[in-house]
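As a basis for the values below, the full set of heavy atoms in this structure was taken, side chains included, without hydrogen atoms, waters or symmetry mates. So you know, we letter chains A, B, ... as the sequences are listed, proteins then strands, and number each from 1.
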Number of protein chains: 2
Amino acid sequence: MKHVDMESRRKTILGAIVESYVDTATPVGSRAISQRFRYTISPATIRNVMADLEEMELIMQPHTSAGRVPTDKGYRFYVDSLLEPKHLTKEEESIINKLIHHSGNDIEYIMQNASKAISIMTNVVGIVLTPRLKRSIFKHIELFYIDDSKILAVIITTSGFVKNSIMDLEEHFTKQELTRITEFLNSELEGVFLGDIKSYLTRKLLEERDSFYTFLKQAMDILSIPGLFKTDDHLYFEGAACIMAHPEFTDVKKARLFLGACEDKKGLLNLLNEDMEFEGIKIHIGKENINSEIRDFSVVTCNYKVNDTIIGAIAAIGPTRMEYGKVMSVLKYISHELGKELENLG
Amino acid sequence: MKHVDMESRRKTILGAIVESYVDTATPVGSRAISQRFRYTISPATIRNVMADLEEMELIMQPHTSAGRVPTDKGYRFYVDSLLEPKHLTKEEESIINKLIHHSGNDIEYIMQNASKAISIMTNVVGIVLTPRLKRSIFKHIELFYIDDSKILAVIITTSGFVKNSIMDLEEHFTKQELTRITEFLNSELEGVFLGDIKSYLTRKLLEERDSFYTFLKQAMDILSIPGLFKTDDHLYFEGAACIMAHPEFTDVKKARLFLGACEDKKGLLNLLNEDMEFEGIKIHIGKENINSEIRDFSVVTCNYKVNDTIIGAIAAIGPTRMEYGKVMSVLKYISHELGKELENLG
DNA sequence: ATGTAGCACTCTAAGTGGTAGAGTGCTAAT
DNA sequence: ATTAGCACTCTACCACTTAGAGTGCTACAT
């Protein structure tokens with residue numbers, strides 16, 4: 001038998017174990033792995049390597065005389081060192097394109113179809129986070145007088161999102177004042193991130209201490225209305241029904257836990273908001289998740305951009321036993337297409 | 001033993017069977033019912049009645065020597081003839097109030113909490129349909145010039161909802177024209193239902209064939225942009241995790257079916273939109289549902305109103321074995337509170 | 001040293017048989 | 001009309017057995 005670097009063989013075998021387990025969902029035994037290598041390595045040898053891997057806590061046995069199952073740590077190693085990017089086929093890409101690019105101009109519908117696309121392609125639950133307004137760039141604002149105590153503010157971003165919000169004000173503004181404030185804000189804020197507007201104006205306020213002051217103050221009062229820059233923190237979910245086909249959910253308790261994890265909107269929202277900051281794919285495997293609801297499952301996230309600005313995130317959540325490679329490439333592709341579609345909207 | 005009208009005793013016993021089954025989820029036997037009546041009726045008598053009820057297809061046996069289970073028809077009879085309105089306790093009302101009235105000004109959040117309230121109070125999945133724009137009354141419109149080919153339209157309704165939509169137009173409008181059209185629409189459309197605007201203007205168009213014609217035509221062109229009056233058809237769901245505690249879902253297949261039913265947004269949307277037309281509670285039990293996805297489950301719906309106009313619907317979906325009385329009163333109460341909350345927003 | 005065959009051992013999953021108990025329908029008595 | 005009694009049926013559960021998959025260890029081959 002060829003002399004192979006031990007370290008590298010361990011890796012290969014770990015990879016084989018992970019892939020086989022992901023595929024079959026049954027603990028994988030030495031024979032099965034040996035077969036995978038066309039019997040170029042005997043089961044006995046593989047058993048030895050497996051014992052090592054088990055010592056390293058990369059795999060474990062559900063019980064004596066069962067095959068091995070990857071641990072969270074095992075998946076982590078696999079994902080970090082062994083995962084090869086998996087390319088989507090033309091057919092797969094075309095399914096995704098159909099879902100994302102033929103959804104009309106309705107953002108709701110696009111988001112829903114994007115999450116559906118994730119779910120269909122990966123067989124786990126797809127999640128899409130609506131574009132974060134704070135990450136969008138100011139283009140235009142209009143303030144309308146509705147009645148004595150109410151103003152409607154409409155903000156348009158460069159990427160074409162529109163946010164409006166009705167505000168109760170104790171202060172009374174005349175139409176002229178509103179027009180002046182509108183004009184001022186439009187000339188002043190062009191190109192500023194919505195999330196930065198407050199600090200931007202505050203800085204301005206400190207610089208200019210002359211007659212301009214009260215005016216600027218008025219503008220700020222209006223803009224500081226809570227909820228004006230708040231995106232509707234909406235998560236789109238798809239695929240809960242089909243994920244129940246996975247053997248891990250034959251036990252209804254696990255199913256409940258999983259649905260609980262999906263309904264923990266706050267936890268997922270936090271995770272997505274955090275991950276969004278960084279470019280590309282992020283993977284959270286089982287106990288790596290801080291959030292207790294999710295600790296039995298894995299979440300893969302990916303941001304999406306509009307005009308090169310990170311503006312939102314998509315994700316997949318499922319059992320730790322998932323096709324990480326496939327999920328990664330699907331998310332990458334979908335985030336890209338979703339970004340393009342949103343650019344066209346704007 | 002007292003002589004009791006046969007027909008009425010059948011009813012009483014059917015009621016007892018339904019209630020017992022709803023309560024325990026196990027087929028109910030003659031002994032159990034007899035006990036329910038403090039043994040004033042013997043098990044043997046009850047068996048006779050049960051045989052009758054079975055002949056009438058109101059109850060059935062899962063297998064010989066099991067107790068009886070209500071059929072869809074049985075539930076229907078129960079709901080139509082036996083159900084007594086169940087009042088909510090002060091505590092229950094206060095839980096609901098907390099969820100609905102302390103959600104701030106964020107509609108998203110209110111809707112989500114309303115569906116959560118349904119789910120928590122009834123132990124089945126709660127659904128809330130966003131307010132239908134078409135059922136809202138026009139208050140105000142503003143058209144802005146964004147750039148050469150784009151206009152932003154913002155419509156405000158009397159109930160305080162705001163809808164905006166960016167429109168690509170081939171025709172070019174000057175600012176003056178836009179202002180004139182805006183003014184025209186605002187004076188003309190006050191008090192008209194958004195859903196009626198098109199037919200309203202068309203009628204107008206037929207009446208007035210003079211110089212006004214082109215002007216009116218322009219206005220219509222703008223308003224006929226698809227999606228302008230389209231509500232985001234959004235359904236809020238809550239409670240999928242907790243519903244899995246029901247014994248009907250120990251079989252994962254049933255769980256899958258149920259989640260499938262919940263993900264059939266179109267079907268549910270249709271159902272809610274239809275039911276919305278009629279005042280009050282509507283109940284769809286099992287096979288009464290046309291939609292195949294839902295035929296194993298029951299849906300209870302209730303519209304909600306803002307300023308006496310029906311504007312949306314809420315619902316509960318769960319196994320046919322559900323506490324119909326409780327669900328009805330919870331939906332009634334929540335629809336009322338939700339309406340009030342939305343009025344306050346406007 | 002490294003790899004492999006053989007073997008005893010362990011544990012699960014699946015099948016079998018037997019029993020208790022819940023529930024029924026029927027009949028005869030009140 | 002109602003009910004007590006009884007034979008009958010079916011399930012759920014338990015104990016038991018067995019086949020098979022998989023392991024770890026040891027001794028042997030390279």
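One interatomic measurement links the two molecules: CD1 of A/Ile46 to P of D/dT23, which rounds to 10 Å at whole-angstrom precision. Distance CZ (A/Arg31) to C1' (C/dG6): 14 Å, rounded to an integer number of Å. For the pair B/Asp52 CG and C/dT24 P, the computed distance is 14 Å after rounding to whole Å. What separates CD1 of A/Ile41 from P of C/dT2 is a distance of 15 Å, to the nearest Å. Rounded to an integer number of Å, the gap from A/His63 NE2 to D/dT23 P is 11 Å. B/Asn48 places its CG atom 16 Å from the P atom of D/dG5, with the value rounded to the nearest Å. Here D/dT2 presents its C1' atom at 12 Å from CD1 of B/Ile13, a figure rounded to the nearest Å. The CD atom of A/Gln61 sits 10 Å away from the C1' atom of D/dG24 (whole-angstrom rounding).
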Could you tabulate the donor-acceptor pairs under 3.5 Å formed by side-chain atoms of residues 24-32 of chain A, not counting sequence neighbours?
unit_1	atom_1	unit_2	atom_2	d
A/Thr24	OG1	A/Ser20	O	3.0
A/Thr24	OG1	A/Thr26	N	3.3
A/Thr24	OG1	A/Thr26	OG1	3.2
A/Ser30	OG	A/Arg47	NH1	3.2

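With D/dT23, C/dG25, D/dG24 as the candidates, the nucleotide lying closest to the side chain of A/Glu54 is D/dG24. Comparing C/dT4, D/dT23, C/dT24 against the side chain of A/Met50 picks out D/dT23 as the nearest. Relative to the side chain of B/Arg47, the nucleotides D/dC6, C/dC11, C/dC7 differ in distance, and D/dC6 lies closest. You'll find that the side chain of B/Thr64 is closest to D/dC10, out of D/dG24, D/dC10, C/dT4.
Donor-acceptor pairing under 3.5 Å, judged by distance alone, is present between the side chain of B/Ser65 and the base of D/dT9. For D/dG24, the base has no donor-acceptor partner in the side chain of A/Arg68 [N/O atoms by modelled type, under 3.5 angstrom].
B/Ala44 comes within contact range of at least one nucleobase, with a heavy-atom separation under 4.0 Å.
At most 12 heavy atoms of other shown residues, nucleotides or ligands fall within 6.0 angstrom of atom NZ in B/Lys287. Annotation for A/Lys332: atom NZ does not count as buried by contact number, only 12 or fewer foreign heavy atoms lying within 6.0 Å. Other residues, nucleotides and ligands contribute at most 12 non-hydrogen atoms within 6.0 Å of the NZ atom of B/Lys253.
Of the side-chain N and O atoms in B/Ser42, one or more sit less than 4.0 angstrom from OP1 or OP2 of D/dT3. The shortest distance between the side-chain N/O atoms of B/Arg9 and the OP1/OP2 oxygens of D/dA1 is not below 4.0 Å.
Between B/Lys254 and B/Glu248, none of the side-chain N atoms (NZ, or NE/NH1/NH2) sits under 4.0 Å from a carboxylate O, so this pair counts as no salt bridge.
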